[in-house]
Amino acid sequence: MKKSREDEMNATPEAAAKNPRGTTESLADLDSDTGLRGDVSSLGSDSEVNGFANGDQKIDKYGFVGGAQYTGELQPEIPPEVLRQRESKWLDMLNNWDKWMAKKHKKVRLRCQKGIPPSLRGRAWQYLSGSKVKMEHNPGKFDEMDQSPGDPTWLDVIERDLHRQFPFHEMFIARGGHGQQDLYRILKAYTVYRPEEGYCQAQAPIAAVLLMHMPAEQAFWCLVQICEKYLPGYYSAGLEAVQLDGEIFFALLRKVSTAAYKHLNKYKIDPILYMTEWFMCAFSRTLPWVSVLRIWDMFFYEGVKVIFRVGLILLKYTLGSSDKLKKCQGQYETMEKLRDIDPRYMQEAFLVREVIELPVTEREIEKEHLIQLKKWKDTHGDLKYQPPPRLHGAKAINEAEPHSHKALVQMPSIVIHSPPVSPSSDSSSNSKKKDKKSMKEQKKEKKKLEKKAGKVEPTANGSAPDETKRILKDEQYATQPVDIAEDIKQSMLIKDTPLQQSELSLSSEETEQDTYL
(Lines give C-alpha, C1' and ligand atoms only; values in the text may rest on other atoms or scores of the structure.)
Protein backbone atom coordinates (compact mmCIF):
# COMPACT_ATOMS: atom_id res chain seq x y z
CA MET A 1 0.00 0.00 0.00
CA LYS A 2 2.83 2.35 0.79
CA LYS A 3 4.30 1.91 -2.66
CA SER A 4 0.99 2.44 -4.44
CA ARG A 5 0.56 5.85 -2.86
CA GLU A 6 3.74 6.98 -4.54
CA ASP A 7 2.43 5.87 -7.94
CA GLU A 8 -0.75 7.89 -7.43
CA MET A 9 1.22 11.13 -7.79
CA ASN A 10 2.39 10.45 -11.39
CA ALA A 11 6.03 9.60 -10.65
CA THR A 12 8.04 9.17 -13.85
CA PRO A 13 10.18 6.04 -14.33
CA GLU A 14 13.19 8.14 -15.35
CA ALA A 15 13.08 10.16 -12.14
CA ALA A 16 12.59 7.09 -9.98
CA ALA A 17 15.62 5.39 -11.52
CA LYS A 18 18.00 8.13 -10.36
CA ASN A 19 17.40 7.33 -6.66
CA PRO A 20 19.45 10.05 -4.89
CA ARG A 21 20.86 9.51 -1.44
CA GLY A 22 18.87 11.64 0.97
CA THR A 23 19.44 10.85 4.65
CA THR A 24 21.32 13.28 6.83
CA GLU A 25 24.31 10.96 6.77
CA SER A 26 24.30 9.83 3.15
CA LEU A 27 23.38 13.24 1.76
CA ALA A 28 26.65 14.56 3.11
CA ASP A 29 28.50 12.77 0.32
CA LEU A 30 27.76 13.99 -3.17
CA ASP A 31 27.66 11.70 -6.18
CA SER A 32 30.94 10.86 -7.81
CA ASP A 33 29.97 12.60 -11.05
CA THR A 34 30.05 15.99 -9.31
CA GLY A 35 33.66 15.52 -8.28
CA LEU A 36 32.88 16.78 -4.77
CA ARG A 37 32.82 14.77 -1.58
CA GLY A 38 32.75 15.42 2.12
CA ASP A 39 30.75 17.75 4.28
CA VAL A 40 28.71 20.07 2.04
CA SER A 41 28.19 22.49 4.90
CA SER A 42 31.67 23.86 4.19
CA LEU A 43 30.54 24.90 0.71
CA GLY A 44 28.54 27.98 -0.15
CA SER A 45 24.94 27.96 -1.33
CA ASP A 46 23.55 24.89 -3.03
CA SER A 47 23.68 26.66 -6.37
CA GLU A 48 27.46 27.01 -5.95
CA VAL A 49 27.78 23.25 -5.57
CA ASN A 50 26.34 22.73 -9.04
CA GLY A 51 28.22 25.61 -10.61
CA PHE A 52 25.46 28.19 -10.96
CA ALA A 53 27.28 30.89 -9.02
CA ASN A 54 29.88 31.61 -11.71
CA GLY A 55 27.66 33.92 -13.74
CA ASP A 56 26.59 31.33 -16.34
CA GLN A 57 23.01 31.44 -15.13
CA LYS A 58 21.13 34.29 -13.46
CA ILE A 59 19.12 33.53 -10.35
CA ASP A 60 15.79 35.34 -10.07
CA LYS A 61 14.72 37.06 -6.86
CA TYR A 62 12.81 33.95 -5.75
CA GLY A 63 15.83 31.67 -6.06
CA PHE A 64 15.05 29.93 -9.37
CA VAL A 65 17.77 29.41 -11.95
CA GLY A 66 15.50 28.05 -14.67
CA GLY A 67 12.45 25.89 -15.28
CA ALA A 68 8.81 26.78 -15.81
CA GLN A 69 8.61 28.87 -12.62
CA TYR A 70 11.65 31.03 -13.41
CA THR A 71 10.51 34.67 -13.49
CA GLY A 72 13.70 36.37 -14.67
CA GLU A 73 13.49 40.15 -14.85
CA LEU A 74 10.01 40.29 -16.34
CA GLN A 75 8.26 40.70 -13.01
CA PRO A 76 7.48 44.38 -12.23
CA GLU A 77 8.99 45.64 -9.00
CA ILE A 78 6.91 47.15 -6.20
CA PRO A 79 8.13 50.69 -5.40
CA PRO A 80 10.34 50.62 -2.27
CA GLU A 81 8.25 53.23 -0.45
CA VAL A 82 5.09 51.13 -0.98
CA LEU A 83 6.89 48.00 0.20
CA ARG A 84 8.20 49.76 3.34
CA GLN A 85 4.70 51.02 4.11
CA ARG A 86 3.24 47.53 3.79
CA GLU A 87 5.99 46.09 5.97
CA SER A 88 5.27 48.67 8.66
CA LYS A 89 1.57 47.79 8.64
CA TRP A 90 2.27 44.06 8.81
CA LEU A 91 4.76 44.49 11.65
CA ASP A 92 2.16 46.37 13.67
CA MET A 93 -0.37 43.66 12.87
CA LEU A 94 1.92 40.77 13.83
CA ASN A 95 3.01 42.46 17.06
CA ASN A 96 -0.64 42.89 18.06
CA TRP A 97 -2.00 39.72 16.47
CA ASP A 98 -4.72 38.89 19.02
CA LYS A 99 -6.23 42.38 18.77
CA TRP A 100 -6.27 42.32 14.98
CA MET A 101 -7.78 38.83 14.73
CA ALA A 102 -10.44 39.68 17.32
CA LYS A 103 -11.53 43.10 16.05
CA LYS A 104 -10.03 43.72 12.60
CA HIS A 105 -9.87 40.30 10.94
CA LYS A 106 -11.48 41.64 7.75
CA LYS A 107 -8.58 44.07 7.40
CA VAL A 108 -6.17 41.14 7.80
CA ARG A 109 -7.96 39.33 4.97
CA LEU A 110 -7.75 42.40 2.76
CA ARG A 111 -4.00 42.70 3.34
CA CYS A 112 -3.51 39.01 2.58
CA GLN A 113 -5.33 39.55 -0.71
CA LYS A 114 -3.00 42.45 -1.54
CA GLY A 115 0.00 40.21 -0.86
CA ILE A 116 2.23 39.73 2.18
CA PRO A 117 5.61 41.53 2.01
CA PRO A 118 8.35 39.01 1.12
CA SER A 119 10.41 39.86 4.21
CA LEU A 120 7.50 38.93 6.52
CA ARG A 121 5.81 36.17 4.54
CA GLY A 122 7.29 33.29 6.54
CA ARG A 123 6.35 34.81 9.89
CA ALA A 124 2.87 35.76 8.65
CA TRP A 125 2.16 32.22 7.40
CA GLN A 126 3.07 30.86 10.84
CA TYR A 127 0.72 33.28 12.59
CA LEU A 128 -2.12 32.73 10.11
CA SER A 129 -1.92 28.94 10.27
CA GLY A 130 -1.46 28.76 14.04
CA SER A 131 1.81 26.87 13.64
CA LYS A 132 3.66 29.42 15.81
CA VAL A 133 1.39 28.55 18.74
CA LYS A 134 1.62 24.84 17.94
CA MET A 135 5.41 24.98 18.05
CA GLU A 136 5.46 26.89 21.35
CA HIS A 137 3.18 24.26 22.88
CA ASN A 138 5.56 21.48 21.78
CA PRO A 139 9.06 22.65 22.75
CA GLY A 140 11.81 20.24 21.71
CA LYS A 141 9.34 17.91 19.99
CA PHE A 142 10.78 18.40 16.52
CA ASP A 143 14.36 17.76 17.70
CA GLU A 144 13.15 14.60 19.41
CA MET A 145 11.49 13.32 16.23
CA ASP A 146 14.49 14.42 14.17
CA GLN A 147 16.71 12.15 16.26
CA SER A 148 14.28 9.23 15.95
CA PRO A 149 15.33 6.55 13.41
CA GLY A 150 11.92 6.49 11.70
CA ASP A 151 10.32 3.79 9.56
CA PRO A 152 12.88 2.57 6.95
CA THR A 153 10.12 1.95 4.40
CA TRP A 154 9.01 5.57 4.45
CA LEU A 155 12.58 6.87 4.55
CA ASP A 156 13.45 5.05 1.35
CA VAL A 157 10.47 6.60 -0.47
CA ILE A 158 11.32 10.06 0.87
CA GLU A 159 14.92 9.79 -0.34
CA ARG A 160 13.78 8.94 -3.86
CA ASP A 161 11.52 12.01 -3.94
CA LEU A 162 13.97 14.64 -2.74
CA HIS A 163 15.50 15.57 -6.09
CA ARG A 164 12.07 15.98 -7.70
CA GLN A 165 11.13 18.98 -5.56
CA PHE A 166 11.85 22.25 -7.38
CA PRO A 167 15.08 21.01 -9.01
CA PHE A 168 15.68 24.47 -10.53
CA HIS A 169 15.57 26.29 -7.20
CA GLU A 170 18.93 27.20 -5.68
CA MET A 171 17.90 25.69 -2.35
CA PHE A 172 17.26 22.22 -3.78
CA ILE A 173 19.43 22.20 -6.87
CA ALA A 174 22.36 20.37 -5.25
CA ARG A 175 22.17 16.70 -4.43
CA GLY A 176 22.95 16.41 -0.78
CA GLY A 177 22.63 20.17 -0.30
CA HIS A 178 21.25 21.92 2.74
CA GLY A 179 17.78 22.23 1.25
CA GLN A 180 17.44 18.52 0.53
CA GLN A 181 18.73 17.62 3.99
CA ASP A 182 16.22 19.88 5.75
CA LEU A 183 13.42 18.66 3.49
CA TYR A 184 14.31 15.08 4.42
CA ARG A 185 14.25 15.97 8.14
CA ILE A 186 10.78 17.55 7.88
CA LEU A 187 9.21 14.69 5.94
CA LYS A 188 10.79 12.04 8.17
CA ALA A 189 9.63 13.88 11.30
CA TYR A 190 6.05 13.85 9.99
CA THR A 191 6.12 10.06 9.58
CA VAL A 192 7.19 9.85 13.23
CA TYR A 193 4.56 12.40 14.28
CA ARG A 194 1.75 10.68 12.38
CA PRO A 195 2.82 7.04 11.86
CA GLU A 196 -0.74 6.05 10.93
CA GLU A 197 -0.54 8.38 7.91
CA GLY A 198 3.14 8.04 7.07
CA TYR A 199 4.38 9.87 4.00
CA CYS A 200 2.57 10.97 0.86
CA GLN A 201 4.46 12.24 -2.17
CA ALA A 202 2.35 15.41 -2.40
CA GLN A 203 3.62 16.54 1.00
CA ALA A 204 7.11 17.09 -0.38
CA PRO A 205 6.38 20.18 -2.54
CA ILE A 206 4.26 21.66 0.28
CA ALA A 207 7.15 21.24 2.73
CA ALA A 208 9.64 22.59 0.16
CA VAL A 209 7.66 25.82 -0.33
CA LEU A 210 7.51 26.31 3.43
CA LEU A 211 11.22 25.63 3.75
CA MET A 212 11.95 28.43 1.29
CA HIS A 213 10.43 30.89 3.77
CA MET A 214 11.33 29.59 7.25
CA PRO A 215 13.70 27.24 9.14
CA ALA A 216 13.07 23.50 9.30
CA GLU A 217 11.32 23.37 12.68
CA GLN A 218 8.88 26.17 11.81
CA ALA A 219 8.25 24.61 8.39
CA PHE A 220 7.44 21.26 10.03
CA TRP A 221 4.77 22.71 12.31
CA CYS A 222 3.32 24.71 9.43
CA LEU A 223 3.10 21.47 7.42
CA VAL A 224 1.30 19.85 10.38
CA GLN A 225 -1.30 22.62 10.40
CA ILE A 226 -1.89 22.30 6.66
CA CYS A 227 -2.33 18.53 6.93
CA GLU A 228 -4.56 18.67 10.02
CA LYS A 229 -6.54 21.92 9.71
CA TYR A 230 -6.57 23.11 6.09
CA LEU A 231 -6.50 19.83 4.14
CA PRO A 232 -7.36 17.06 6.65
CA GLY A 233 -7.27 13.54 5.25
CA TYR A 234 -5.64 14.59 1.97
CA TYR A 235 -2.44 12.65 2.62
CA SER A 236 -3.89 9.53 4.24
CA ALA A 237 -3.99 6.11 2.56
CA GLY A 238 -6.62 5.80 -0.17
CA LEU A 239 -6.88 9.58 -0.73
CA GLU A 240 -10.58 9.43 0.15
CA ALA A 241 -10.72 13.06 1.28
CA VAL A 242 -9.29 14.19 -2.07
CA GLN A 243 -11.79 12.11 -4.02
CA LEU A 244 -14.63 13.51 -1.93
CA ASP A 245 -13.44 17.08 -2.55
CA GLY A 246 -13.24 16.19 -6.25
CA GLU A 247 -16.96 15.45 -6.25
CA ILE A 248 -17.63 18.69 -4.38
CA PHE A 249 -15.48 20.54 -6.92
CA PHE A 250 -17.37 19.01 -9.85
CA ALA A 251 -20.74 19.94 -8.33
CA LEU A 252 -19.59 23.54 -7.83
CA LEU A 253 -18.32 23.65 -11.43
CA ARG A 254 -21.89 23.13 -12.62
CA LYS A 255 -22.82 26.49 -11.06
CA VAL A 256 -19.69 28.33 -12.20
CA SER A 257 -19.38 27.05 -15.81
CA THR A 258 -22.13 24.87 -17.24
CA ALA A 259 -20.25 24.41 -20.53
CA ALA A 260 -17.13 23.05 -18.84
CA TYR A 261 -19.24 20.80 -16.59
CA LYS A 262 -21.17 19.28 -19.51
CA HIS A 263 -18.00 18.73 -21.55
CA LEU A 264 -16.17 16.88 -18.77
CA ASN A 265 -19.27 14.87 -17.97
CA LYS A 266 -19.76 13.98 -21.65
CA TYR A 267 -16.31 12.41 -21.95
CA LYS A 268 -16.47 10.91 -18.44
CA ILE A 269 -13.38 12.74 -17.19
CA ASP A 270 -13.44 12.27 -13.43
CA PRO A 271 -12.16 15.15 -11.29
CA ILE A 272 -9.51 12.90 -9.74
CA LEU A 273 -7.75 12.81 -13.13
CA TYR A 274 -6.96 16.53 -13.28
CA MET A 275 -7.48 18.08 -9.83
CA THR A 276 -5.42 15.73 -7.65
CA GLU A 277 -2.11 17.54 -8.07
CA TRP A 278 -3.81 20.93 -8.04
CA PHE A 279 -5.39 20.39 -4.63
CA MET A 280 -2.83 18.16 -2.90
CA CYS A 281 0.09 20.44 -3.84
CA ALA A 282 -1.94 23.65 -3.45
CA PHE A 283 -1.04 24.63 -7.05
CA SER A 284 2.64 24.95 -6.10
CA ARG A 285 3.67 22.87 -9.14
CA THR A 286 1.14 24.35 -11.57
CA LEU A 287 1.11 28.15 -11.40
CA PRO A 288 3.85 30.71 -12.06
CA TRP A 289 5.76 31.33 -8.84
CA VAL A 290 4.45 34.85 -8.28
CA SER A 291 0.91 33.51 -8.53
CA VAL A 292 1.76 30.63 -6.17
CA LEU A 293 2.83 33.04 -3.44
CA ARG A 294 -0.23 35.27 -3.84
CA ILE A 295 -2.57 32.27 -3.78
CA TRP A 296 -0.85 30.87 -0.68
CA ASP A 297 -1.15 34.24 1.08
CA MET A 298 -4.92 34.08 0.62
CA PHE A 299 -5.08 30.33 1.29
CA PHE A 300 -3.55 30.70 4.75
CA TYR A 301 -6.18 33.25 5.71
CA GLU A 302 -9.32 32.02 3.90
CA GLY A 303 -8.69 28.29 3.78
CA VAL A 304 -9.46 25.64 1.18
CA LYS A 305 -12.09 27.72 -0.64
CA VAL A 306 -9.21 29.57 -2.32
CA ILE A 307 -7.98 26.27 -3.79
CA PHE A 308 -11.52 25.50 -5.03
CA ARG A 309 -11.82 28.94 -6.60
CA VAL A 310 -8.50 28.70 -8.44
CA GLY A 311 -9.44 25.33 -9.94
CA LEU A 312 -12.88 26.54 -10.95
CA ILE A 313 -11.44 29.63 -12.66
CA LEU A 314 -8.89 27.59 -14.62
CA LEU A 315 -11.63 25.26 -15.90
CA LYS A 316 -14.02 28.12 -16.62
CA TYR A 317 -11.54 29.95 -18.88
CA THR A 318 -10.03 26.83 -20.44
CA LEU A 319 -13.21 24.88 -21.24
CA GLY A 320 -15.95 27.44 -20.71
CA SER A 321 -16.84 28.39 -24.28
CA SER A 322 -17.86 26.56 -27.44
CA ASP A 323 -14.89 27.95 -29.39
CA LYS A 324 -12.42 26.46 -26.92
CA LEU A 325 -14.23 23.14 -26.81
CA LYS A 326 -13.92 22.66 -30.59
CA LYS A 327 -10.25 21.76 -30.08
CA CYS A 328 -11.04 19.27 -27.29
CA GLN A 329 -13.11 16.63 -29.05
CA GLY A 330 -12.21 13.68 -26.85
CA GLN A 331 -10.83 12.68 -23.48
CA TYR A 332 -7.18 12.73 -24.55
CA GLU A 333 -7.40 16.19 -26.15
CA THR A 334 -9.19 17.58 -23.10
CA MET A 335 -6.57 16.20 -20.70
CA GLU A 336 -3.79 17.65 -22.84
CA LYS A 337 -5.53 21.01 -22.76
CA LEU A 338 -5.72 20.91 -18.95
CA ARG A 339 -2.04 19.99 -18.71
CA ASP A 340 -1.11 23.02 -20.82
CA ILE A 341 -3.32 25.85 -19.58
CA ASP A 342 -2.98 29.23 -21.26
CA PRO A 343 -0.50 31.33 -19.21
CA ARG A 344 -2.82 34.32 -19.44
CA TYR A 345 -5.27 32.63 -17.06
CA MET A 346 -2.53 31.90 -14.53
CA GLN A 347 -1.05 35.39 -14.56
CA GLU A 348 -0.92 36.94 -11.07
CA ALA A 349 -3.11 40.03 -11.51
CA PHE A 350 -5.81 38.22 -13.53
CA LEU A 351 -5.97 35.15 -11.31
CA VAL A 352 -5.99 37.00 -7.99
CA ARG A 353 -8.75 39.33 -9.17
CA GLU A 354 -10.88 36.41 -10.35
CA VAL A 355 -10.33 34.45 -7.14
CA ILE A 356 -11.45 37.39 -5.00
CA GLU A 357 -14.56 38.01 -7.12
CA LEU A 358 -15.73 34.38 -7.55
CA PRO A 359 -18.73 33.87 -5.19
CA VAL A 360 -17.88 30.44 -3.74
CA THR A 361 -18.09 30.45 0.05
CA GLU A 362 -17.15 27.96 2.76
CA ARG A 363 -20.87 27.57 3.51
CA GLU A 364 -21.48 26.33 -0.02
CA ILE A 365 -18.52 23.98 0.23
CA GLU A 366 -19.72 22.52 3.53
CA LYS A 367 -23.28 22.18 2.24
CA GLU A 368 -22.06 20.32 -0.83
CA HIS A 369 -19.75 18.26 1.40
CA LEU A 370 -22.74 16.82 3.30
CA ILE A 371 -24.49 15.95 0.02
CA GLN A 372 -21.45 14.24 -1.48
CA LEU A 373 -20.63 12.44 1.78
CA LYS A 374 -24.11 10.88 1.79
CA LYS A 375 -23.65 9.77 -1.83
CA TRP A 376 -20.22 8.35 -0.98
CA LYS A 377 -21.66 6.26 1.85
CA ASP A 378 -24.37 4.93 -0.46
CA THR A 379 -21.84 3.82 -3.09
CA HIS A 380 -18.63 3.12 -1.14
CA GLY A 381 -19.71 2.76 2.48
CA ASP A 382 -18.19 4.63 5.39
CA LEU A 383 -14.87 6.39 5.03
CA LYS A 384 -11.98 4.15 6.07
CA TYR A 385 -10.13 7.14 7.50
CA GLN A 386 -12.07 9.70 9.52
CA PRO A 387 -10.16 12.99 9.28
CA PRO A 388 -10.63 15.79 11.81
CA PRO A 389 -13.08 18.54 10.82
CA ARG A 390 -11.75 21.06 8.30
CA LEU A 391 -11.18 24.61 9.53
CA HIS A 392 -11.70 27.35 6.96
CA GLY A 393 -8.80 29.67 7.46
CA ALA A 394 -6.99 31.71 10.09
CA LYS A 395 -10.02 33.06 11.96
CA ALA A 396 -11.50 29.60 12.51
CA ILE A 397 -8.13 28.23 13.65
CA ASN A 398 -7.56 31.18 15.98
CA GLU A 399 -10.96 30.63 17.62
CA ALA A 400 -10.58 26.84 17.84
CA GLU A 401 -7.11 26.94 19.39
CA PRO A 402 -6.96 29.59 22.15
CA HIS A 403 -3.47 30.62 23.16
CA SER A 404 -1.55 32.93 25.43
CA HIS A 405 0.10 36.11 24.22
CA LYS A 406 3.47 34.61 25.17
CA ALA A 407 3.10 31.98 22.45
CA LEU A 408 3.08 34.73 19.80
CA VAL A 409 6.16 36.56 21.03
CA GLN A 410 8.70 36.58 18.22
CA MET A 411 11.91 34.93 19.32
CA PRO A 412 15.17 35.50 17.41
CA SER A 413 16.32 32.59 15.25
CA ILE A 414 19.98 33.38 15.97
CA VAL A 415 21.10 34.01 19.54
CA ILE A 416 24.63 35.27 20.27
CA HIS A 417 25.86 34.63 23.81
CA SER A 418 28.43 36.93 25.43
CA PRO A 419 31.82 35.28 26.15
CA PRO A 420 32.29 33.99 29.73
CA VAL A 421 34.33 36.19 32.11
CA SER A 422 37.50 34.60 33.51
CA PRO A 423 37.76 34.34 37.35
CA SER A 424 40.91 36.49 37.48
CA SER A 425 39.40 39.36 35.55
CA ASP A 426 36.18 39.03 37.53
CA SER A 427 38.00 39.30 40.88
CA SER A 428 40.08 42.19 39.55
CA SER A 429 36.99 44.10 38.47
CA ASN A 430 35.33 43.44 41.83
CA SER A 431 38.40 44.76 43.71
CA LYS A 432 38.41 47.90 41.57
CA LYS A 433 34.74 48.50 42.33
CA LYS A 434 35.28 48.04 46.07
CA ASP A 435 38.29 50.41 46.11
CA LYS A 436 36.40 53.05 44.16
CA LYS A 437 33.44 52.73 46.50
CA SER A 438 35.58 53.10 49.66
CA MET A 439 37.45 56.11 48.24
CA LYS A 440 34.17 57.80 47.35
CA GLU A 441 32.81 57.26 50.84
CA GLN A 442 35.99 58.69 52.40
CA LYS A 443 35.92 61.77 50.18
CA LYS A 444 32.25 62.29 50.94
CA GLU A 445 32.87 62.05 54.71
CA LYS A 446 35.85 64.43 54.49
CA LYS A 447 33.81 67.05 52.61
CA LYS A 448 31.02 66.71 55.13
CA LEU A 449 33.35 67.26 58.07
CA GLU A 450 35.11 70.23 56.43
CA LYS A 451 31.79 71.83 55.62
CA LYS A 452 30.59 71.42 59.19
CA ALA A 453 33.86 72.82 60.62
CA GLY A 454 33.62 75.89 58.39
CA LYS A 455 30.16 76.74 59.72
CA VAL A 456 31.21 76.65 63.42
CA GLU A 457 33.57 79.71 63.64
CA PRO A 458 31.16 82.53 62.84
CA THR A 459 28.45 81.07 64.97
CA ALA A 460 30.72 80.67 68.01
CA ASN A 461 32.01 84.30 67.88
CA GLY A 462 28.60 85.79 68.49
CA SER A 463 27.00 83.23 70.76
CA ALA A 464 26.15 83.10 74.46
CA PRO A 465 28.66 81.39 76.83
CA ASP A 466 26.65 78.19 77.18
CA GLU A 467 26.04 78.05 73.48
CA THR A 468 29.73 78.84 72.88
CA LYS A 469 30.77 75.91 75.05
CA ARG A 470 28.45 73.56 73.13
CA ILE A 471 29.65 74.80 69.77
CA LEU A 472 33.31 74.65 70.82
CA LYS A 473 32.72 71.12 72.04
CA ASP A 474 31.22 70.19 68.67
CA GLU A 475 34.04 72.07 66.90
CA GLN A 476 36.64 70.14 68.87
CA TYR A 477 35.00 66.92 67.72
CA ALA A 478 34.55 68.10 64.18
CA THR A 479 37.99 69.54 63.65
CA GLN A 480 40.19 66.80 64.99
CA PRO A 481 43.18 66.65 62.62
CA VAL A 482 44.18 63.25 63.94
CA ASP A 483 40.96 61.61 62.74
CA ILE A 484 41.32 63.01 59.23
CA ALA A 485 44.94 62.01 59.07
CA GLU A 486 44.03 58.58 60.36
CA ASP A 487 41.34 58.23 57.68
CA ILE A 488 43.83 59.21 54.98
CA LYS A 489 46.34 56.79 56.42
CA GLN A 490 43.75 53.99 56.38
CA SER A 491 42.87 54.74 52.78
CA MET A 492 46.54 54.56 51.86
CA LEU A 493 46.91 51.24 53.65
CA ILE A 494 44.21 49.70 51.47
CA LYS A 495 46.71 49.57 48.65
CA ASP A 496 48.57 46.91 50.58
CA THR A 497 45.59 44.57 50.67
CA PRO A 498 45.63 41.38 48.53
CA LEU A 499 42.96 42.78 46.19
CA GLN A 500 45.01 45.91 45.52
CA GLN A 501 48.14 43.81 45.01
CA SER A 502 46.30 41.65 42.44
CA GLU A 503 45.25 44.81 40.61
CA LEU A 504 48.82 46.09 40.55
CA SER A 505 50.14 42.72 39.43
CA LEU A 506 47.80 42.70 36.41
CA SER A 507 49.26 46.02 35.26
CA SER A 508 52.87 44.87 35.53
CA GLU A 509 54.82 44.14 32.40
CA GLU A 510 55.59 40.52 33.27
CA THR A 511 51.98 39.60 34.04
CA GLU A 512 50.76 41.41 30.94
CA GLN A 513 52.96 39.21 28.80
CA ASP A 514 51.64 36.09 30.53
CA THR A 515 48.07 37.23 29.96
CA TYR A 516 48.57 37.68 26.22
CA LEU A 517 50.41 34.37 25.97
* Asked: Can Y345 and E354 be counted as having a side-chain donor-acceptor contact under 3.5 angstrom?
  -> no
* **Within-4.5 Å side-chain heavy-atom neighbours: L314 and F283** => yes
* Asked: Are D382 and W376 linked by a side-chain donor-acceptor pair shorter than 3.5 Å?
  -> no
* Asked: Do D378 and K374 come close enough that some side-chain heavy atom pair is under 4.5 Å?
  -> yes
* Asked: Taking atom types as modelled, is there a side-chain donor on H392 or E366 under 3.5 Å from an acceptor on the other?
  -> yes
* Does the separation of the ring centres of F249 and F279 fall below 6.0 angstrom? -> yes
* Carboxylate-amine/guanidinium proximity below 4.0 Å for R254 and E368 -> no
* Structure fact -> E144 meets the side-chain hydrogen bond (donor to acceptor under 3.5 Å, both in side chains) criterion, sequence neighbours left out, with none
* Any side-chain heavy atom of E240 sitting closer than 4.5 Å to one from H380? -> no
* Asked: In terms of side-chain heavy atoms, does Q113 have a donor or acceptor partner in Y301 at a distance below 3.5 Å?
  -> no
* Asked: Do W97 and L128 touch side chain to side chain, with heavy atoms closer than 4.5 Å?
  -> yes
* Asked: Which heavy atom of N96 sits nearest a heavy atom of D92, and at what distance?
  -> ND2-O, 2.9 Å
* Supply the atom-to-atom distance Q180 CD to R175 CZ, rounded to the nearest 0.5 angstrom. => 7.5 Å
* Asked: Measuring from I365:CD1 to I248:CD1, what's the distance to the nearest 0.5 Å?
  -> 7.5 Å
* To do: Would you confirm whether E159, through its side chain, and D156, through its main-chain N or O, come within 3.5 Å as a donor-acceptor pair?
  => no
* To do: Could you check whether the rings of F300 and Y230 sit parallel, tilted or perpendicular, using 30° and 60° as the cut-offs?
  => perpendicular
* Any side-chain heavy-atom pair from L293 and P118 closer than 4.5 angstrom? -> no
* To the nearest 0.5 angstrom, please state how far the OG1 atom of T71 sits from the CG atom of D60. => 3.5 Å
* To do: Quick one: sort the H169 and F64 rings into parallel, tilted or perpendicular, breaks at 30° and 60°.
  => perpendicular
* Asked: Is the gap between the ring centers of W221 and Y193 under 6.0 Å?
  -> yes
* Asked: Is T191 close to I158 at the side-chain level, that is, under 4.5 Å between some pair of heavy atoms?
  -> yes
* Structure fact -> All heavy atoms of S291 vs all of M346, minimum pair found to be OG-O, 2.7 Å
* Beyond-backbone contact of I226 with Y234, side-chain heavy atoms, under 4.5 angstrom -> no
* Asked: Do Y199 and D151 have side-chain atoms, one donor and one acceptor, less than 3.5 Å apart?
  -> no
* Taking all non-hydrogen atoms of both residues into account, name the closest pair between A208 and Q165 and its distance. => CB-CB, 4.4 Å
* Polar side-chain atom of Q218 near backbone of K132 as donor-acceptor pair, under 3.5 Å -> no
* Between F172 and F166, what is the ring plane arrangement, given parallel below 30°, perpendicular above 60°, and tilted in between? -> tilted
* Tell me, with the steps shown, if Y385 and E197 meet side chain to side chain donor-acceptor pair (under 3.5 Å). => CA-CA 10 Å; Y385 177 79; E197 288 189 23; 2.8 Å; yes
* Give every residue pair that meets the salt bridge (Lys or Arg N to Asp or Glu O under 4.0 Å) criterion with at least one member in residues 205-227, sequence neighbours excluded. => none
* Validation row: I356, R353 side chains within 4.5 angstrom (heavy atoms) -> no
* For residues I397 and G130, report the shortest heavy-atom separation together with the two atoms involved. => CG2-CA, 4.4 Å
* Pair R84 + E81, salt bridge at N-O below 4.0 Å -> no
* Structure fact -> OG of S322 to CG of L319, rounded to nearest 0.5 Å, is 12.0 Å
* So, the side chain of N95 versus the backbone of L91: is there a donor-acceptor pair under 3.5 Å, distance only? -> yes
* Is it true that a side-chain atom of K188 and a backbone atom of S148 form a donor plus acceptor pair closer than 3.5 Å? -> yes
* Structure fact -> In terms of heavy-atom contacts, A207 and L187 come closest through CB-CD2, 4.0 Å
* **Closest approach of V352 to R294 (non-hydrogen atoms, all atoms of both residues)** => CG1-NH2, 3.5 Å
* How many angstroms lie between NZ in K134 and CZ in F220, if you round to the nearest 0.5 Å? -> 9.5 Å
* **Heavy-atom neighbours of K375 NZ exceed 12 at 6.0 Å** => no
* NZ/NE/NH1/NH2 to OD/OE distance under 4.0 Å, K395 and E399 -> yes
* Do K324 and D342 sit within salt-bridge range, that is, some charged N less than 4.0 Å from a carboxylate O? -> no
* Inter-residue atom distance D161.CG - R164.CZ, 0.5 Å rounding -> 4.5 Å
* Asked: Any chance the rings of Y235 and Y190 have centres within less than 6.0 Å?
  -> no
